[in-house]
Amino acid sequence: MRPYGRRVVITGMGAITPVGLSVQDFWDSLLAGRSGVGPIEAFDASNLPVKIAGEVKGFDPTAYMPRTVSRRIDKYAQFAVAAAAQAVEHAKLVIDEANTHRVGVLIGSGYGPTGLVQSGTLTLEGRGYRGLAPWLSAATSIDCAAGEVAYKLQATGPSGAISTACASGTSAVGEAMRMIQRGDVDAMIAGGADNSVTSFDIGSTAMSRALSTRNDDPQRASRPFDKGRDGFVMAAGAGALVLEDARSAERRGAPILAEVVGYGATSDAYHPTAPHPEGLGARRAMQLALDDAGLPASAVDHINAHGTSTTLNDRTEAAAIRKVFGDHAPRIPITAVKSMTGHTIGAAGAVELVATVQTLLTGVVPPTINCDDPEDPDLNFVPHQPQRHDVAVAMSNSFGFAGHNATLVVRRYEQ
Amino acid sequence: MSKQHILAEFAEIVREIVGIPVAEVQPEAHLRDDLDIDSLSLVEIMVAVEDRFGVATPDEIAADLETVDAVLNHIEQHASAGVA
């Protein structure tokens, strides 16, 4: 049961994704079943085996920060600053002298500023160290996004990055929840960001055999839980949420979107890229999150799956859900929004939590597109079309490379 | 090298590095308050100045450079000493 007394609620959300540059646009795209995957435009991918990705298109950093800031931070951090600014505005949270030290920032990232690391390395090779910008050492740290968000919002509580590969966004929200429960802070801006659509990331991940090579059919390349899947699609983006102590949120009359009631995190300790074949870590993360929430598996009305569209993840995740939920499993609508967004790596957990909260608020479960021939025909993967369900309790899963597993349970808020 | 020429070259460096229009880089402009050039951006600019004019700027001197005019004087002084 819960070791700490304070309840934690979500009061604001922001999203920068391949299918929309705001929560509303992102959500509308998901319900329309729109894919954000297309041919890579950020660089020349003609020499790579993978030429498709879910890129963030039409993003203007100067809408969120002066050019003096945007020019010296990686895109992943720009996305984080933008998502965080949206979330704080949504929450109507005013950060001032009275509360600044009680507001913290945790922005997870799997790979961080890989674009700047790559271009800096090439500069070093070509022009020597004098070609390196003096701000590069700060801008190439994985906590750069958190630092920039804290600076932008003038939040002076604890800040930093949680890095658990593709579970980073989920881990950041879970750890932020704990910080509020413990009483370290009253509010956290928590989420994840990554921009791994670089030639290095695409090349190296393709070499690990994790990426889809369906180059001639990008919109159908990401197909979670479909038997015809052949790997994930690399994508970019950020998601951010404002988490608050429920009582302080109520006191200031904040719009309360949902309550975060459970968090579980485990490690497979099994393989650099493959999940444990019996999904031990995934099962235990889900169970721990349920225990933390004090809820039985039968209380869960919806699962926002990790659902990457790799052969191993989806098979293991479906089997793990079967194990944890037993007879209840076929009754749960399970969706994989990566079918549309692609895999935004460290942002995925945060972006998917935004979708999960939208489902709680609207009773609409977004579809898993491209799920033509499901891995487990008895489970409801919400294929092709959104479905209406009365969802009071929902689970969001994230399972990363190196066997990092993290699960969150959210529920409709009741005083 | 005339001071006018140094100004034109310096303004071009500032435009390239921090994106400030050449016309705004006037001698009386304060680097931080008027042009938004922070300490790290100034380091970056002074590396480019060294590459262009052959004028090195040790940290203790860089710390005292507050206006465009101060930078121009620094370049003029050291460039005319025959470094460039």
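Lettering of chains follows the sequences in order, A, B, ..., and the numbering in each one begins at 1. Bear in mind that the values here come from a model prediction, so they are computed numbers and not experimental data.
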In terms of heavy-atom contacts, does CD of Glu60(B) have more than 12 from other residues, nucleotides or ligands at under 6.0 Å? yes

Is the number of heavy atoms from other residues, nucleotides or ligands under 6.0 Å of Phe59(A) CZ greater than 12? yes

Atom CZ of residue position Phe43(A) - does it have more than 12 heavy atoms of other residues, nucleotides or ligands inside 6.0 Å? yes

Is chain A contacted by the side chain of Ile17(B), its backbone, both, or neither, given a heavy-atom distance below 4.5 Å? both

Asp59(B), CG: over 12 other non-hydrogen atoms inside 6.0 angstrom: no

Contacts with chain B made by residues 71-95 of chain A (heavy-atom distance under 4.5 Å), listed by residue number: Arg71(A), Arg72(A)

I'd like to know if Arg130(A) and Asp51(B) make a salt bridge, using a cut-off of under 4.0 Å between side-chain N and carboxylate O. yes

In this structure, are over 12 heavy atoms from other groups packed under 6.0 Å from Glu97(A) atom CD? no

With chain A, the option among Ile20(B), Val18(B), Ile37(B), Val43(B) that has the most non-hydrogen atom pairs under 4.5 Å is Val18(B)

May I ask you to check whether over 12 heavy atoms, not counting those of Arg127(A), lie within 6.0 Å of atom CZ? no

CG of Leu35(B) to OG1 of Thr68(A), rounded to nearest 0.5 Å, is 11.5 Å

For Pro134(A) against Leu40(B), the heavy-atom pair lying closest together: CG-O, 3.1 Å

